[in-house]
Amino acid sequence: MAIKEKIKEWVYVFVCDPGSDESFLGLYNEDEMVNFIPVFSSKEDANDCFLTMPREKGKKYELQAVHIEELQEIAAENDFHLAMVDSEGKITRQ
């Protein structure tokens, strides 16, 4: 497997309260009535979008790279969808 193919298997997500009580940042889309985890293809896109994302006051957020298959399993177990988001916070793929 080429290096480029391996990189595509990893995505960036925000983790709330990293440590023993951590969880992925999840959002709710009122138009589609669906819970989703915003996923970013690059660290730069995630950092650019972070300030405009809704967050809970008092929580700590950390950007982490996660294998896409592991994230898909966790999301499905918790009734969440994954949504690829760009640097401006727009959903590009679900």
Side-chain angles (χ1 to χ4, degrees):
M1 183 180 295
I3 292 175
K4 286 184 180 181
E5 291 173 350
K6 288 182 181 179
I7 292 172
K8 290 180 182 179
E9 295 175 358
W10 293 87
V11 294
Y12 291 89
V13 294
F14 287 100
V15 174
C16 305
D17 294 327
S20 62
D21 195 29
E22 68 186 13
S23 62
F24 293 114
L25 171 66
L27 301 174
Y28 181 72
N29 182 323
E30 289 184 23
D31 294 336
E32 297 185 26
M33 298 189 318
V34 64
N35 291 310
F36 70 96
I37 297 171
V39 177
F40 300 89
S41 60
S42 74
K43 188 176 186 177
E44 292 78 18
D45 283 353
N47 284 325
D48 288 346
C49 183
F50 182 68
L51 294 176
T52 61
M53 292 181 69
R55 300 178 304 273
E56 283 186 53
K57 193 173 185 173
K59 284 198 174 212
K60 181 180 177 188
Y61 295 91
E62 181 178 278
L63 184 61
Q64 294 184 5
V66 179
H67 195 275
I68 189 66
E69 289 178 6
E70 178 184 352
L71 186 59
Q72 288 170 330
E73 288 175 19
I74 293 169
E77 289 171 4
N78 292 285
D79 292 324
F80 274 79
H81 295 270
L82 301 181
M84 188 64 70
V85 179
D86 67 12
S87 63
E88 296 176 3
K90 295 179 183 164
I91 295 175
T92 59
R93 265 189 323 200
Q94 286 189 340

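- A cation-pi arrangement is not found for R55 relative to F14, the charged atom failing to lie both closer than 6.0 Å to the ring centre and inside a 45° cone about the ring normal.
- In this structure, OG on S87 lies 5.0 Å from CG on D48, to the nearest 0.5 angstrom.
- With sequence neighbours excluded, no residue satisfies salt bridge (Lys or Arg N to Asp or Glu O under 4.0 Å) with E77.
- Note that CG of L82 and CD1 of I74 are 10.0 Å apart. Values are rounded to the nearest 0.5 Å.
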What verdict does the side chain to side chain contact (heavy atoms under 4.5 Å, CB included) test give for Y28 and V34, after you've listed the backbone C-alpha separation in whole Å, the side-chain angles of each residue and the deciding distance to 0.1 Å?
CA-CA 6 Å; Y28 181 72; V34 64; 5.8 Å; no

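- Going from atom NZ of K60 over to atom CD of E62 covers 6.0 Å, rounded to the nearest 0.5 Å.
- Rounding to the nearest 0.5 Å gives a distance of 5.0 Å between NZ of K59 and OG of S23.
- Residues D86 and F40 come closest through the heavy atom pair O-CE2, 3.8 Å.
- Nearest heavy-atom pair across Y12 and A65 is CE2-CB, 3.8 Å.
- The heavy-atom pair separating F80 from G26 by the smallest distance is CE2-CA, 3.8 Å.
- In this structure, the separation between CD on E69 and CH2 on W10 is 10.5 Å, given to the nearest 0.5 Å.
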Begin with the C-alpha distance, continue with both residues' side-chain angles, and end with the deciding distance and a verdict on side chain to side chain contact (heavy atoms under 4.5 Å, CB included) for L71 and V39.
CA-CA 9 Å; L71 186 59; V39 177; 3.8 Å; yes

Side chain to side chain contact (heavy atoms under 4.5 Å, CB included) for H81 and Q72? Distances and angles first, verdict last.
CA-CA 8 Å; H81 295 270; Q72 288 170 330; over 6 Å; no

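- Here the closest non-hydrogen pair linking C16 and Y61 is SG-CE2, 3.3 Å.
- Within the 4.5 Å cutoff, no side-chain heavy atoms of E70 are placed close to those of E9.
- Inter-residue side-chain proximity for M84 and S41 is flagged as met; some heavy-atom pair is nearer than 4.5 Å.
- Across C49 and G89, no two heavy atoms sit closer than the pair SG-CA, 3.4 Å.
- L51 and V85 end up in the same hydrophobic cluster when Ile, Leu, Val, Met, Phe, Trp and Tyr side chains are linked at under 4.5 Å.
- V13 and V66 get closest at one heavy-atom pair: CG2-CG2, 3.6 Å.
- Distance CG/N35 to CG/L27: 9.0 Å, rounded to 0.5 Å.
- The shortest side-chain heavy-atom distance between P38 and M53 falls under the 4.5 Å cut-off.
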